Every structure is written in C-alpha cells, then in structure tokens.
Amino acid sequence: MQRYTTLILAGLVIVLAALLAGTLIFVNNQPVQQRAIQPLAEVAAMEPDSSKWGVNFPNQYASFLKTRDNNIATTYGGSSDFSHLEKDPRQKILFAGMPFSKDYNEDRGHEWALTDVNKTKRLNLDKENPKRTPGTCYSCKSANMPGLWAEMGLEGVGKTFFGDLTPRVDSSIGCANCHEPGTMRLIVTNPALEEALQAQGKDWKTFTRQEMRSLVCANCHVEYYFAGESKYLTFPWEKGTKVEEMWEYYTEIGFKDWEYPDTKTPMLKAQHPEYEMYTAGSTHYNAGVACADCHMPYVREGAAKYSSHNIHSPMLNPQRACGQCHTDTEAVVRRVNLIQEQTYKTKIAAEDAIVDAINAIKAAAANPNSDAALLEEARLLHRQAQFYWDYVSAENSMGFHNPEYALKILAEATNLARQAQMKAAQAANDPSLLQTGTYYQSGPSGQ
Ligand code: HEC
Ligand code: HEC
Ligand code: HEC
Ligand code: HEC
C-alpha cells in the first residue's frame with residue numbers, strides 16, 4: 001500500500017511540476033503588451049532624411065509625400081504656384097526696389113519648399129555683392145536646418161552665404177522640423193521661435209498638446225526679420241504678436257527691409273504671419289481649434305487612424321477638414337468664399353490708396369520747395385500703411401484665419417495711406433496731389 005502511495009505522490013509531483021513548467025513557458029512566451037508606437041528602426045536625433053522615419057510610420061510618410069503631387073489652385077490659394085504679380089500688378093509697384101517685385105509666387109506643398117527657394121529670382125547668388133542672400137533663407141525650407149542650427153547656431157547660419165550652405169542642404173521640409181524621434185512628440189525646432197517665446201517669458205515645454213498642434217507651425221508660418229550684419233533670424237515678438245505690437249517693435253529698433261525708390265520711405269516687408277493672425281483672438285482659436293485640426297485632419301485606413309500629413313488648403317477637402325465639427329459643410333464653405341471675397345476687395349482698396357500715396361510722395365519729394373518735416377511724416381505714414389496692408393496680403397488665408405481682425409487691419413492701412421497722401425500734398429502745397437485712382441490712369445502695369 002505504502003509503496004503505491006509513494007508512487008502516486010511521486011507521480012502527482014511530476015505532473016504538477018510539468019504543469020508548472022508548462023504554465024511558466026506559456027506565460028513567458030506571451031507577447032508583451034504592444035506599445036502604442038513601436039519603433040522598428042532607430043532614428044537619429046534631427047535626422048533630415050524623412051524616408052528613415054517613414055520606415056516606422058509608413059502612413060504619415062506616405063501622406064506627407066503627397067504634398068509633392070498637389071497642384072490644384074483655389075480662388076485665392078491652393079497648390080499651384082501662380083504669380084501674385086501677374087494676378088495683381090499693383091504689387092509690382094508696391095514692392096518696387098526690392099526682390100518681391102521680380103518674383104512672388106503662391107505657396108505650395110512642403111515637399112516643394114527646397115526646390116522653390118532655389119529657383120526664386122529673389123535670390124542674389126553673387127557672393128561678392130553686399131546684398132548677397134544669406135544662409136538664413138534656408139531656415140523654413142529644409143529638414144537639414146535643425147542639425148545645422150545645432151552645429152553652427154543662428155549666427156553661424158546667418159553669416160554663411162546661401163550658396164555656401166547649399167551643398168549641405170539636400171532635404172525639403174521633413175519630420176525633423178516638427179518631431180523628436182523616439183517619442184515622436186511635437187517640438188520647437190527653430191531656435192528663433194524658442195528665443196521669441198523666451199523674450200515673452202514663455203516656455204513651450206509647458207504648452208499643452210493642443211497648443212503644440214499649432215505651435216509647431218510657428219517654426220515657420222510667422223513674421224520674422226534678419227537682424228544686423230549676421231542676418232540673425234529674429235521674430236519681432238518682444239512686445240506681443242499683434243500687428244500693432246510688431247509695428248511698435250520695428251519702429252523702436254528703426255528697422256527697414258529696403259528704401260522705396262523716389263519716395264525714400266524706409267519700408268518693411270511682412271512675411272507670412274499665419275500663426276500671429278490666427279492666434280490674435282480668432283473665433284476658432286478662442287474655441288481651442290488648432291492649425292492641425294483643419295490642415296491635418298485624421299484619416300482612417302483599414303484599422304489605422306492617423307493625422308494626414310498631406311498638408312494643403314482645406315478648401316480642397318472641406319468635408320474632412322471642416323466636416324468633423326460642422327455638419328453643414330456647404331454652408332461653411334460659402335462663408336469662406338464670402339469672407340475671402342470681402343477681404344480681397346478691401347485689400348485692393350488699400351492697395352489703390354497706397355499707390356496714390358506713393359505717387360503723391362514721389363511728386364512732393366521731387367519738389368525742392370516741399371516742407372521737409374511734413375514730407376517725413378508722409379513717409380512714416382506710408383511705411384505703416386504698407387506694413388499693415390502687407391500683413392494681411394502676405395498672410396496666406398485671404399482673411400479666413402481671422403476675418404474681423406484682417407478687415408480692421410486693412411481699414412487702418414487705407415486710412416493711413418490717405419493720411420500719407422494728404423501730408424504729401426500739404427508738404428508740396430499742391431492740391432493736385434490729392435487725386436485718387438492714380439493706378440488706373442497709368443496703364444495696366446501702373447507705371
Ligand atoms: C478653422 C480651420 C483653419 C485653421 C484652424 C487654420 N487654417 Fe489655415 N486655412 C484655412 C482655410 C479655409 C484657408 C484658405 C484656403 C484657400 O484659400 O484655399 C487656409 C489657408 C492657409 C494657408 C494657405 C494655403 C494655401 O492654399 O495656399 C496656410 C499656409 C495656412 N492656412 C496655415 C495655417 C496655420 C499655420 C494655422 C495655425 C496657426 C492655420 N492655418 C489654421 C483653414 C484653417
Ligand atoms: C520648416 C518650416 C515649416 C513648418 C514647420 C510648417 N510649414 Fe507649412 N510651409 C512652409 C513653406 C516654406 C511652405 C511653402 C512651400 C513652397 O511654396 O514651396 C509651406 C506651405 C504650407 C501650406 C500650403 C500648401 C499648399 O499646397 O498650398 C500650408 C497649408 C501649410 N504650409 C500649413 C502648415 C501647417 C498647418 C503647419 C503646422 C502643422 C506647417 N505648415 C508647418 C514651411 C513650413
Ligand atoms: C509640419 C509639422 C510636421 C511634420 C513635418 C511632420 N509631422 Fe507628424 N505630426 C504633426 C502634427 C501636428 C501631428 C499631430 C500630433 C498630435 O495630435 O499630438 C503629428 C502626428 C504624428 C504622429 C502621431 C500619430 C498621428 O498620426 O497623429 C506620427 C507617428 C507622425 N506625426 C509621424 C511623422 C513622420 C514620419 C513625419 C515625416 C515623414 C512627420 N510626422 C512629419 C506635425 C508634423
Ligand atoms: C475642431 C473643430 C472645428 C473645425 C475642424 C472647424 N471648425 Fe469652424 N468652428 C468651430 C467652432 C467651435 C466655432 C465657433 C462656434 C460658435 O462660437 O458658435 C466655429 C465657427 C466657425 C465659423 C463661424 C465663425 C464666425 O466668426 O462667425 C465659420 C465660418 C467656420 N467655423 C468655418 C469653418 C471652416 C471653413 C472649417 C474648415 C476649413 C472649419 N470651420 C473647421 C469648430 C471647428
């Protein structure tokens with residue numbers, strides 16, 4: 001009996017041990033819980049080659065590459081690189097004496113940025129010329145820049161001639177302009193943005209995810225200037241990001257981009273202040289909507305849901321871009337058309353007023369008997385009028401990002417231009433300089 005009991009017990013122990021071993025092997029061979037983002041390939045910090053990131057994130061990469069194929073124009077924007085100067089020849093007059101009067105095309109997809117900066121006639125590739133183009137012009141065009149900034153600093157890049165930087169810039173905008181590899185979190189990659197925020201006492205590392213979904217665009221879609229001899233990339237945000245505050249900043253530091261021929265006005269060129277225009281209290285911004293909500297809506301492919309990196313005009317896919325929040329898409333599209341048409345008409349009225357001011361100041365400046373102090377006042381009014389007009393004109397949404405504010409700025413620009421014209425007429429004591437519509441009298445090119 002005892003022998004049987006021992007055998008049975010031994011058998012039981014063996015069976016239990018086998019079960020335990022089996023369980024352990026089973027448990028150990030279970031797949032570990034899937035991480036949300038599972039890196040397959042290690043990507044180096046600031047890696048400029050987006051295809052390397054694309055191995056891990058094929059959907060984002062594939063949608064990103066589509067920005068190369070977009071070519072459809074919308075009424076005021078879209079992805080065809082039409083010439084603004086041909087569409088509205090007044091701008092040839094307004095930008096006389098500076099490179100934008102030679103070449104000014106509509107923006108298109110991120111994959112084109114590097115090609116387009118290299119082919120613009122605005123470049124000055126004569127290395128001996130004091131007005132040669134600095135390396136700073138690559139700042140918003142390439143995924144190589146975060147690495148080059150880390151190596152050379154903003155100052156080193158600014159001091160380098162554009163042509164000398166060219167061999168080191170081979171990628172258009174890419175993942176490295178917006179993401180940190182590994183974590184894939186959104187980051188500030190442009191040191192000029194970091195410094196501009198610091199000057200306002202802000203630290204982007206404390207920003208919410210939704211705020212970052214707009215702030216990454218501010219790496220590039222902002223107003224900026226090149227400060228001093230080293231062409232140091234600077235955002236004029238110290239006093240704030242509203243047009244009035246930037247105007248005050250530029251006035252205080254006495255900055256000018258160029259001098260207007262014959263009137264001798266010290267001029268400012270506005271860049272593309274999408275971020276500032278949008279965040280200046282627009283309805284959508286106040287409601288917590290981010291740039292990425294309209295320009296990078298979620299798409300679904302099979303089981304995958306991801307942010308479309310095929311960034312373009314939301315008017316090309318309003319159902320997806322606006323339809324996530326607005327049920328009546330047709331109605332909001334009609335509203336966009338109305339806003340843009342009104343902004344465009346108001347913008348043209350401002351341009352006509354500025355052209356009148358320019359012609360009056362030119363005549364007053366050519367008159368040896370003109371009052372110098374009044375003439376100087378006229379120039380400053382022209383400077384401000386044109387900066388305000390350009391702030392709306394160069395902003396790429398034709399008013400949509402902030403309709404009320406855009407119209408207010410344009411109304412101010414027209415008012416300032418008319419004052420400039422009046423001052424010039426007073427300076428020359430010549431009432432004939434008060435005539436309006438001078439653009440239409442001088443033929444289609446205005447000159
Ligand atoms: C509520 C939706 C919405 C938000 C939010 C938004 N945009 Fe737009 N954006 C538009 C619309 C609509 C247009 C006009 C497109 C057109 O005219 O074809 C536009 C135009 C643009 C354009 C020019 C596009 C083109 O076709 O040339 C750029 C660049 C742009 N937005 C950048 C931004 C940035 C940067 C932000 C955040 C600071 C932003 N947008 C926030 C809806 C939005
Ligand atoms: C590294 C700089 C950079 C960043 C960051 C950036 N952009 Fe751009 N973006 C550009 C440049 C430059 C162009 C114009 C390229 C051209 O015309 O060749 C452009 C073009 C565009 C266009 C016009 C596309 C078209 O097909 O007409 C839209 C819309 C746009 N950007 C939106 C955004 C949004 C939204 C963000 C943030 C999520 C963003 N961009 C971030 C530099 C940048
Ligand atoms: C112009 C800025 C910009 C560029 C360039 C960019 N991204 Fe993004 N990316 C974003 C934004 C904005 C989001 C949305 C983030 C969020 O919602 O938190 C995002 C989200 C993501 C996500 C998170 C999942 C998702 O789809 O929402 C991944 C992964 C990603 N991007 C990969 C890439 C890859 C790969 C590249 C290069 C091919 C790239 N991104 C280029 C701005 C950018
Ligand atoms: C993430 C959500 C969201 C997206 C995406 C969005 N909107 Fe809106 N939109 C809102 C909210 C919220 C309001 C404010 C509603 C209110 O206050 O009644 C608003 C208001 C508006 C208004 C009225 C604004 C005014 O000042 O009268 C228009 C027009 C509009 N949206 C157009 C658009 C268009 C066009 C798009 C796509 C390009 C779009 N929206 C995308 C959320 C969104």
Side-chain angles (χ1 to χ4, degrees), residues 36-37 43 49-65 67 70-74 77-81 105-117 119-120 139-143 145-146 172-179 181 184-186 189-190 193 209-210 212-222 272 274-275 282-284 286-299 304-326 329 331-339 396-397 400 402-404:
I37 296 171
V43 175
D49 182 352
S50 290
S51 71
K52 294 198 175 139
W53 305 58
V55 174
N56 295 335
F57 306 107
N59 288 326
Q60 286 84 357
Y61 181 54
S63 62
F64 168 80
L65 287 180
T67 60
N70 299 332
N71 57 13
I72 300 174
T74 59
S79 311
S80 93
D81 58 348
N105 294 343
E106 167 63 10
D107 64 1
R108 50 181 181 160
H110 284 167
E111 271 280 278
W112 285 105
L114 190 58
T115 310
D116 288 347
V117 71
K119 75 170 200 206
T120 175
S139 299
C140 289
K141 319 293 184 207
S142 165
M145 291 314 295
S172 190
I173 294 167
C175 324
N177 290 110
C178 298
H179 290 287
M184 288 312 282
R185 72 183 176 121
L186 297 174
T189 53
N190 185 340
L193 174 57
R209 174 175 162 222
Q210 187 64 359
M212 290 308 290
R213 284 159 53 86
S214 290
L215 192 72
V216 280
C217 314
N219 280 305
C220 304
H221 289 270
V222 290
H272 23 63
E274 280 86 55
Y275 181 77
S282 68
T283 306
H284 281 110
N286 287 347
V289 181
C291 314
D293 286 316
C294 295
H295 289 283
M296 303 180 68
Y298 288 113
V299 287
K305 181 174 166 241
Y306 60 93
S307 306
S308 169
H309 282 59
N310 180 8
I311 298 179
H312 53 59
S313 163
M315 291 300 92
L316 298 172
N317 61 340
Q319 204 65 43
R320 186 162 272 159
C322 322
Q324 33 170 330
C325 302
H326 297 285
T329 314
V332 286
V333 167
R334 273 199 305 276
R335 187 86 191 104
V336 176
N337 293 338
L338 217 66
I339 288 167
N396 280 295
S397 72
F400 175 75
N402 199 341
E404 290 81 12

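Predicted model only: the values in this text are computed from it and were never measured. Ligands are counted one by one from 1 in listed order, and the atoms in each one are counted from 1 as well.
- Counting only non-hydrogen atoms, the option in I311, N70, T115 that gets closest to atom 30 (C) of ligand 2 is I311.
- Which parts of ligand 2 touch D107 is read off a 4.0 Å heavy-atom cut-off, strictly below it: atoms 14 (C), 17 (O), 23 (C), 27 (O).
- Ranking the protein heavy atoms by distance from atom 27 (O) of ligand 2 puts G78 O, 2.9 Å first.
- Every atom of ligand 3 with a heavy atom of R209 under 4.0 Å away is listed here by number and element: 16 (C), 17 (O), 18 (O).
- Residue C178 does not count as close to atom 8 (Fe) of ligand 3, with no N, O or S atom under 2.8 Å.
- At under 3.5 Å, not a single nitrogen or oxygen of R335, backbone or side chain, sits near a nitrogen or oxygen of ligand 4.
- Residue V216 has at least one heavy-atom neighbour below 4.0 Å for each of these atoms of ligand 2: 5 (C).
- Contact annotation: the side chain of Q210 approaches that of D293 to within less than 4.5 Å [non-hydrogen atoms, C-beta and beyond].
- The side-chain heavy atoms of W53 and M184, taken from C-beta on, include a pair separated by under 4.5 Å.
- At a 4.0 Å heavy-atom cut-off, ligand 3 touches L186 through the side chain alone.
- Between F400 and H284, the ring planes lie tilted relative to each other; the angle falls in the 30° to 60° range.
- If you number the atoms of ligand 3 from 1 as listed, the ones under 4.0 Å from a heavy atom of Y306 come out as 26 (O).
- At the shortest separation from atom 12 (C) of ligand 2 among protein heavy atoms lies C140 O, 3.4 Å.
- At least one heavy atom of C294 sits under 4.0 Å from some atom of ligand 4.
- The shortest non-hydrogen separation linking G323 to T329 is CA-OG1, 4.0 Å.
- Of all atoms in ligand 2, listed by their number and element, those nearer than 4.0 Å to a heavy atom of N177 are 1 (C).
- In terms of protein heavy-atom proximity, atom 36 (C) of ligand 4 is nearest to C322 SG, 2.9 Å.
- Contact annotation: the side chain of Q324 never approaches that of Y298 to less than 4.5 Å [non-hydrogen atoms, C-beta and beyond].
- If you put the vertex on atom 8 (Fe) of ligand 2, NE2 of H110 and NE2 of H221 sit 180° apart, to the nearest 10°.
- Residue contacts with ligand 2 leave out A292, since none of its heavy atoms falls under 4.0 Å from the ligand.
- An N or O contact shorter than 3.5 Å is missing between D293 and ligand 4 by distance.
- Heavy-atom proximity to C220, at under 4.0 Å, picks out these atoms of ligand 2: 1 (C), 2 (C), 3 (C), 4 (C), 5 (C), 42 (C), 43 (C).
- For ligand 2, none of its N or O atoms has an N or O atom of I173 under 3.5 Å away.
- For residue C175, no N/O/S atom approaches atom 8 (Fe) of ligand 3 to within less than 2.8 Å.
- Rounded to the nearest 0.5 Å, atoms CG (N105) and CH2 (W112) are 13.0 Å apart.
- When only interatomic distances are considered, the shortest N/O to N/O separation between W53 and ligand 3 does not fall below 3.5 Å.
- Atoms of ligand 3 found under 4.0 Å from any heavy atom of Y61, numbered from 1 in the order shown, are 38 (C).
- Ranking protein heavy atoms by distance to atom 5 (C) of ligand 4, first place goes to A321 O, 3.3 Å.
- In this structure, atom 18 (O) of ligand 4 is not in close contact with the protein, since no protein heavy atom lies within 4.0 Å of it.
- If you take OH on Y61 and SG on C175, they are separated by 8.0 Å, rounding to the nearest 0.5 Å.
- In summary, the side chains of N310 and S308 do not present any donor paired with an acceptor at a separation below 3.5 Å, with no hydrogens or angles considered.
- Ligand-side atoms of ligand 2 in range of D116: 16 (C), 17 (O), 18 (O), range being under 4.0 angstrom from any heavy atom.
- Side-chain contact check for H179 versus L186: some heavy-atom pair is nearer than 4.5 Å.
- The two residues E111 and I173 make their nearest non-hydrogen contact at OE2-O, 4.4 Å.
- Distance alone, capped at 3.5 Å, places no donor-acceptor pair between the H295 side chain and the S313 backbone.
- Near Q324, the atoms of ligand 4 lying under 4.0 angstrom from a non-hydrogen atom of the residue are 5 (C).
- Here is the list of ligand 2 atoms found below 4.0 Å of a heavy atom in M296: 38 (C).
- Shown in contact with C325 at under 4.0 Å from a heavy atom are these atoms of ligand 4, numbered in order with element: 1 (C), 2 (C), 3 (C), 4 (C), 5 (C), 42 (C), 43 (C).
- Each of T67, N70, D116 was checked for a side-chain contact (heavy atoms from CB on, under 4.5 Å) with R108, and the lone residue meeting it is D116.
- On a distance-only criterion, H309 and ligand 3 share at least one N/O pair closer than 3.5 Å.
- The minimum heavy-atom distance between K119 and D81, with the atom names listed, is NZ-OD2, 3.4 Å.
- Of the candidates Q210, K52, H179, R185, the one placing a heavy atom closest to atom 33 (C) of ligand 3 is H179.
- Looking at atom 20 (C) of ligand 2, its nearest protein heavy atom turns out to be R108 O, 3.3 Å.
- For ligand 4, the atoms sitting less than 4.0 Å from at least one non-hydrogen atom of A287 are 12 (C), numbered in the order shown with element in parentheses.
- Residues N396 and D107 meet the side-chain proximity criterion, which asks for heavy atoms closer than 4.5 Å.
- Atoms of ligand 2 found under 4.0 Å from any heavy atom of K141 (numbered from 1 in listed order, with element): 12 (C).
- The atoms of ligand 3 that sit less than 4.0 Å from any heavy atom of G174 are 5 (C).
- Every atom of ligand 3 is numbered from 1 in the order shown, and the set under 4.0 Å from a heavy atom of R213 is 14 (C), 16 (C), 17 (O).
- Side chains of N177 and N219 form no contact here, defined as non-hydrogen atoms less than 4.5 Å apart.
- Closest of all the heavy-atom pairs between A321 and P314 is CB-CB, 3.7 Å.
- For H326, a nitrogen or oxygen atom sits less than 3.5 Å from a nitrogen or oxygen atom of ligand 4, counting backbone and side chain alike.
- At the top of the distance list for atom 37 (C) of ligand 2, counting protein heavy atoms only, stands C217 SG, 1.9 Å.
- The protein heavy-atom contact nearest to atom 25 (C) of ligand 4 is T283 OG1, 4.0 Å.
- For atom 10 (C) of ligand 4, the closest non-hydrogen atom of the protein is H284 CD2, 3.4 Å.
- Contact atoms of ligand 4 toward V336: 35 (C) (distance under 4.0 Å to a heavy atom of the residue).
- Distances below 4.0 Å separate heavy atoms of Y298 from the following atoms of ligand 3: 17 (O).
- For ligand 4, the atoms lying closer than 4.0 Å to a non-hydrogen atom of P314 are 38 (C).
- Here's the thing with H312: none of its N/O atoms is less than 3.5 angstrom from an N/O atom of ligand 2.
- Contacts between M212 and ligand 3, counted as non-hydrogen atom pairs separated by less than 4.0 Å, are absent for every part of the residue.
- Every atom of ligand 2 with a heavy atom of H295 under 4.0 Å away is listed here by number and element: 29 (C), 35 (C).
- Closest protein heavy atom to atom 26 (O) of ligand 2: S79 OG, 2.6 Å.
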